[in-house]
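I have placed the structure first, in the form of structure tokens, so that the comments after it can refer back to it.
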Amino acid sequence: MKVVTSRMKEAVNKAIKGAGFNNLIPITSMLGIKLSDGKLRLLTTDMTNTLCIIIDKVAGDDMDITVDADKFGKLIAKTTSEDIELIIIDDVLSVKANGTYKIPLISDEEGLVSFPDIKIMDDKNVQCTTKLSSVMQAYNINKSALAKTLEEPALTGYYCDDTNVITTDGCVITFNGFKMFEYENPILVSAQQMQLLTLNTNEDINVYIGSASILFVTEDVVIDGALMEGIENFPVDSIKAYLDEAFTSSCKVPKDLLLATLDRLALFIEPYDKNGAYFTFGRKGINIHSKKDASTETINYVESKDFEPFMCCVDIPMLKEQLQANPDDTVKICYGNENALKIESGKVTQVIALLEDEDLDNMTE
């Protein structure tokens, strides 16, 4: 079997991203290589999702082997020859490229290991579609609000219903106002599944949803995963209530200017400041200053609506991460609520919890 190196590199680089590399589960460090009907399929798994990357129009004898994913992946990545040829000789994979390299095939007590194939779901009763552009919109904008710990597992996933893709870590909420799936029930998509979906190049992705599993299919990428559990624990009603929260005033400021200010301010935030700094919304702009007044800057409004003076304490790294995920050059900040700030940008709404601060309470009393 011979494959153009550029095609093989791209496919292997993608396939490796599906490997879990869990030392306790050997198969998560393996790569399955299967050739049949002119299609080369590369398979990896993390035991929750199995990823299959497909290269079409590959000539050669049928093949079904399993190799060490890390070693094979690194070899292909360093190859500079025009073609890569794979030949099996006595339970060894011979890779002919810049030179000839021998990689042992993985075997167990029953013989050579055949990597478990993706099975068409027995209970696949719902087919819908999604778009790669929708996947990228959810991934790029919502990712920053995902929970990073497993204290509440449901918060590590993307909640997708008929009006929004929602993510939250309990301190930040991102509402992305579009319908991800043409499917009547809300579902949770895991962070790993969403990341694997970004490997697609085709715009149209077919989705099969079973009772406990979900399958994403295009011509060159197939992802077979478990349907993320715990959707009943996702606090969607209380989260959506924040969309109706009262914010008395709003302003618009240039995003890059605000990010640059926060970058400079971060140099003056001390460990005991809990990452916090003060925002004072004045008549003409936002004055942002560190707790010890070591840094102070003012950003003038591009636009201001229903102005009322307001002062709050903001988690600077948290705000910065949300601004970086925001798609617009100018951001609308809604303020006046003692619990949160709200950033609006087209169909994207981000809610950021404010920090409690005793000094601020004394200043505003």
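Predicted model, so just to flag it, every value in this text is computed and none were measured.
For the pairing with Asn142, the side chain to side chain donor-acceptor pair (under 3.5 Å) check across Asn164, Thr174, Asn176, Thr168 returns one residue only, Asn176. Screening Asn300, Val302, Asp329, Leu259 for a side chain to side chain contact (heavy atoms under 4.5 Å, CB included) involving Pro254 leaves a single residue, Val302.
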Quiz item: Checking side chain to side chain contact (heavy atoms under 4.5 Å, CB included) for the pair Thr129/Asp204: CA distance, chi angles, key distance, verdict?
Solution: CA-CA 7 Å; Thr129 58; Asp204 294 314; 5.9 Å; no
Exercise. Apply the test side chain to side chain contact (heavy atoms under 4.5 Å, CB included) to residues Glu152 and Phe234: give CA-CA distance (whole Å), side-chain angles for both, the deciding distance (0.1 Å), then the verdict.
Key: CA-CA 9 Å; Glu152 296 182 60; Phe234 196 93; over 6 Å; no
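Using a 30° and 60° split on the angle between ring planes, Phe281 and Tyr335 fall in the parallel class, below 30°. In this pair, Tyr278 and His289 present their aromatic rings tilted. The plane angle is within the 30 to 60° band.
By the 4.5 Å heavy-atom criterion applied to side chains, Val314 and Leu354 are counted as neighbours. Between Glu10 and Ile55 there is no side-chain heavy-atom pair separated by less than 4.5 Å.
At distances below 3.5 Å, at least one donor-acceptor pair connects side-chain atoms of Thr5 with backbone N or O atoms of Asp83. Thr28 places a side-chain N or O within 3.5 Å of a backbone atom of Asn22 that can act as its donor or acceptor partner. Without hydrogens or angle criteria, Gln350 side chain to Gln322 main chain gives a donor-acceptor distance under 3.5 Å. In this structure, the side chain of Ser94 does not engage the main chain of Ile87 through any donor-acceptor pair within 3.5 Å.
Between Lys320 and Asp263 there is a salt bridge, since a side-chain N of the basic residue sits under 4.0 Å from a carboxylate O of the acidic one. Salt-bridge annotation for Lys74 and Asp68: absent, with no side-chain N of the basic residue lying under 4.0 Å from a carboxylate O of the acidic one. Using a 4.0 Å cut-off between charged side-chain N and carboxylate O, Lys14 and Asp220 make no salt bridge. Ion pairing of Glu344 with Lys342 is present here, as a side-chain N (NZ or NE/NH1/NH2) and a carboxylate O approach within less than 4.0 Å. Salt bridge present: Asp56 and Arg7 bring a charged side-chain N and a carboxylate O closer than 4.0 Å. Asp162 has no carboxylate O lying under 4.0 Å from a charged side-chain N of Lys179, or vice versa, which leaves the two without a salt bridge.
For residues 63-95, there are no ring pair (Phe, Tyr, Trp, His ring centres under 6.0 Å) pairs, not counting sequence neighbours. Pairs engaging residues 6-53 under the ring pair (Phe, Tyr, Trp, His ring centres under 6.0 Å) rule: none recorded [sequence neighbours left out].
Ile76 and Met63 fall within the same hydrophobic cluster, defined by Ile, Leu, Val, Met, Phe, Trp and Tyr side-chain heavy atoms under 4.5 Å apart, directly or through other members.
Dense packing is recorded around CD of Glu245, with more than 12 heavy atoms of other residues, nucleotides or ligands lying under 6.0 Å away.
Contact record, Ala15 with Leu31: CB-CD1, 4.0 Å, taken as the closest heavy-atom pair.
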